[in-house]
Colleague: 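Attaching a single structure in structure tokens format; questions to follow.
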Amino acid sequence: MLSLPLSAPSAEPLSVLTIGAHPDDIEIGAGGLLLGLAESELRARYVVLTGTAERQQEARNAARSFMPAADLTVDLFDLPEGRLPVAWGSVKEILEGVARSCSPDVIIAPSSDDAHQDHRTIGELVPTVFRDQLYLAYEIPKWDGDMSRPSMYVPLSASTAHRKVELLHKCFPSQRDRDWWDEDVFLGLARLRGMECRARYAEAFRCAKSVIVPSAPTLGTSREEI
Ligand SMILES: [Zn+2]
């Protein structure tokens with residue numbers, strides 16, 4: 001299996017846009033990836049569409065905990081949880097507003113295949129607003145049993161996988177009583193995805209479209225010049 005490095009296409013730091021329907025989505029789906037990206041210079045925009053004041057505070061803390069040294073911008077909204085399909089216009093306007101003010105290299109967001117209506121709404125809208133980015137759609141284990149076939153894997157070391165779970169517990173105390181919120185679920189899925197890519201642990205993503213350049217462009221070369 002050939003590994004493709006995820007690095008900035010220019011001399012600027014890698015720019016990442018993370019989007020969640022609910023506080024904790026981003027960290028459950030891509031916390032390990034964020035911990036890895038944050039080891040290098042990183043510009044991150046962190047957007048969550050729903051959340052009470054308590055949960056928004058958790059999201060704020062989590063964004064900083066998972067990306068401690070990043071140049072970080074956090075945007076939190078309070079659209080109605082569980083009802084994003086009927087707030088379709090507001091979701092689209094928020095995403096369009098984000099698109100006007102930042103041009104990320106990578107987008108980490110829910111999948112259009114997700115069984116949760118809020119996740120799915122965002123997953124359906126992201127590619128209609130952002131058309132020139134690598135879009136990695138994360139997966140979130142849930143009662144609905146909607147795990148699908150990923151197309152990209154991010155191997156995680158044991159220490160990163162355990163650090164992710166430790167931070168999930170620490171950053172989202174309001175979720176600890178949920179029957180599905182436990183280390184076995186998070187590490188079990190990571191171990192399964194790790195087995196699929198010959199690593200101990202991994203996070204997996206769906207990527208509907210990617211562009212491969214046969215030879216590495218010189219730093220600063222725009223896509224039009226390739
Ligand atoms: Zn969610």
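Each residue takes its place number in the sequence, starting with 1. Both ligands and their constituent atoms are indexed starting at 1 by order of listing.
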Colleague: For a 4.5 angstrom cut-off between non-hydrogen side-chain atoms, does Asn61 reach Phe172?
Modeller: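 Result no, sub-4.5 Å side-chain heavy-atom pair not found.
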
Colleague: Parallel, tilted or perpendicular: which fits the ring planes of His22 and His119, with parallel below 30° and perpendicular above 60°?
Modeller: tilted

Colleague: Could you grab the protein N, O or S atoms closer than 2.8 Å to the Zn ion (ligand 1) for me?
Modeller: His22 ND1, Asp25 OD1, Asp25 OD2, His119 NE2

Colleague: Hey, does Val126 have a side-chain heavy atom less than 4.5 Å from the side chain of Ile122?
Modeller: yes

Colleague: Could you work out, with side-chain contact (heavy atoms from CB on, under 4.5 Å) as the rule, every residue matching Cys102, not counting sequence neighbours?
Modeller: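 Residues passing side-chain contact (heavy atoms from CB on, under 4.5 Å) with Cys102: Arg45, Val98, Pro104.
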
Colleague: Let's go through Asp114 and Lys142 carefully: what are the C-alpha distance in whole Å and the side-chain angles of both, what is the deciding distance for salt bridge (Lys or Arg N to Asp or Glu O under 4.0 Å) to 0.1 Å, and is it a yes or a no?
Modeller: CA-CA 10 Å; Asp114 197 296; Lys142 64 177 75 64; 2.9 Å; yes

Colleague: Under 4.5 Å between any side-chain heavy atoms of Leu84 and Gln117, yes or no?
Modeller: no

